[in-house]
Visitor: 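Supplied in structure tokens, the structure appears directly below.
Residue numbers begin at 1 in each chain, while the letters A, B, ... track the order of the sequences.
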There are 2 protein chains.
Amino acid sequence: MRLVIARCSVDYAGRLTAHLPLANRLLMVKADGSVLVHSDGGSYKPLNWMSPPAKLTVGAPDESAAEVGVVEVWTVQSAKTDDRLIVNIHEVMHDSNHELGVDPGLVKDGVEAHLQKLLAEQVNRLGEGWSLVRREYMTAIGPVDLLVKDASGGSVAVEIKRRGEIDGVEQLTRYLELMNRDPLLSPVAGIYAAQEIKPQARVLAEDRGIRCVILDYDEMRGLDDVEHRLF
Amino acid sequence: MRLVIARCSVDYAGRLTAHLPLANRLLMVKADGSVLVHSDGGSYKPLNWMSPPAKLTVGAPDESAAEVGVVEVWTVQSAKTDDRLIVNIHEVMHDSNHELGVDPGLVKDGVEAHLQKLLAEQVNRLGEGWSLVRREYMTAIGPVDLLVKDASGGSVAVEIKRRGEIDGVEQLTRYLELMNRDPLLSPVAGIYAAQEIKPQARVLAEDRGIRCVILDYDEMRGLDDVEHRLF
DNA sequence: ACTTCGATTTCGCTA
DNA sequence: TAGCGAAGTCGAAGT
């Protein structure tokens, strides 16, 4: 990985065109040829970048560029598309190279898959005496997160999200429409379960007779731990 | 901005828990206290990070950590939430500090807003003798991108996307349902316009009587340039 | 290989 | 300021 701190301007031409005026920035050149342009603020997203695979070519500025103070021109060309990033370097303040090797990668825990697993084990959170039929219950248009039965044996399709937005309601609606055409399943009720449900999504869901349930992740995980400790 | 190349392991605890095993990585500390952990590959997203505002505290390892080779422990605490990033540093290969100043920011061109503006000026692309009624036509559930009239005076709602996917069809369907309840507007036809329309989205749209139109951005921009040159 | 869907998404606009 | 849609989204999992 090569790290360069430089006063530069940057132009991107590809799926859109974008321009960065002259300023001091970090240029990160990775082993796969990708280039990231970072400022000293914002979040993890660079101001501008080129995705791998790409090829970095360093050249001399043309006459008119040299006149305005450009000392070096970087051309980062995408290997697959005709996207291109041009960096006009006016002054280099730092330049260093480092061998990092391949990264072993990130280990995650606590995303939607985990929520689904926990709720499948704790179906009673949805109602007293309810039971799980299947996780990832397949329909013609895709899998429903959970299919459960209420205390009186009625089918309920559950859509689980970390953050409940309007598209999740649409998704569940499509499943319910389809499942209610199946005489073996019908009637099927719907539940939209999430750690957080946006007001618009809640209104749409309830307007369609879909119940909304807020999931407390910490509580569910805690209960899970307790259950595991008992065994 | 502080740049550190170090052999380290990283743990994140917050909205989820995540772990990075021991390896060589770049640690970027920005002026706002945010920290980015980058490897020498992947895309512009770091392996792990802490969003601003955050506070970095450097401490000594406890006894057990020191035994396994940790020489320094970084604790990055989010200022707003209880998210926390812990970096166990085993060896520092590089450490430098750089003054970058505030960045003037990015200038963009060619996104959905631009597409909408261009199509509003070139309504004839949708049909001979068509005319624009309004951009961002407000309804109770949100603004329709374009409301236009066809050659015979019939209303048409247009949803514009850069990439046409299924959720855009759902969105337009909701608008059409609502608008067709208004006797002053009804009947309202629908058009789904995008630079690219996914097959599933096309099938769903056409099944609902929504016409699909592919927009050629370069051609539209070119035509726009030509028109501007004439004035 | 292609498609679909989630994300510690982040970003930007609007009400 | 909160909410909502878009992104040069990226990335992983399943088909």
Visitor: Between P on C/dA15 and CE on B/Met138, what's the gap in Å once rounded to a whole number?
Guide: 6 Å

Visitor: Would you write the dot-bracket representation of DNA chain D, where each base gets (, ), [, ], | or . depending on whether it forms a Watson-Crick or G-U pair under 3.5 Å and with which partner?
Guide: |||||||.|||||||

Visitor: Report the distance from atom CG of A/Leu204 to atom P of D/dG5, rounded to the nearest whole Å.
Guide: 11 Å

Visitor: Nucleotide by nucleotide, 5' to 3', does protein get under 4.0 Å of the base (B), only the sugar-phosphate (S), or neither (-) in nucleotides 2-7 of chain C, counting heavy atoms?
Guide: --S-SS

Visitor: Using a cut-off of 4.0 Å on non-hydrogen atoms, how would the nucleic acid contact of A/Tyr44 be classed: base, sugar-phosphate, or nothing?
Guide: sugar-phosphate

Visitor: More than 12 non-hydrogen atoms from neighbouring residues, nucleotides or ligands closer than 6.0 Å to CG on B/Asp82, yes or no?
Guide: no

Visitor: Mind checking if A/Thr81 touches a base, just sugar-phosphate, or nothing, with heavy atoms under 4.0 Å?
Guide: nothing

Visitor: Salt-bridge test for B/Arg134 and B/Glu136: reply yes if a basic N is under 4.0 Å from a carboxylate O, no otherwise.
Guide: no

Visitor: If you measure from the Lys or Arg side-chain nitrogens to the Asp or Glu carboxylate oxygens, is any gap between A/Glu170 and A/Arg208 under 4.0 Å?
Guide: yes

Visitor: Give a yes or no on whether a salt bridge exists between A/Asp83 and A/Arg15, defined as a side-chain N under 4.0 angstrom from a carboxylate O.
Guide: yes

Visitor: Please report the distance, rounded to the nearest Å, between CD in A/Glu136 and P in D/dA13.
Guide: 13 Å

Visitor: Rounded to the nearest angstrom, tell me the gap between atom CD in A/Glu170 and atom C1' in D/dC4.
Guide: 15 Å

Visitor: Is there a donor in the side chain of B/Arg163 and an acceptor in the side chain of B/Gln195, or the other way round, less than 3.5 Å apart?
Guide: no

Visitor: Give the rounded distance in Å between these two atoms: CZ of B/Arg135 and C1' of C/dT14.
Guide: 15 Å

Visitor: Taking any heavy-atom pair under 4.0 Å as a contact, classify A/Met50: base, sugar-phosphate, or nothing.
Guide: base

Visitor: Within this structure, what is the CD-to-P distance between A/Gln116 and D/dA13, rounded to whole angstrom?
Guide: 15 Å

Visitor: Looking at B/Arg125 and B/Asp216, would you say the former's side chain and the latter's main chain have a donor-acceptor pair under 3.5 Å?
Guide: no

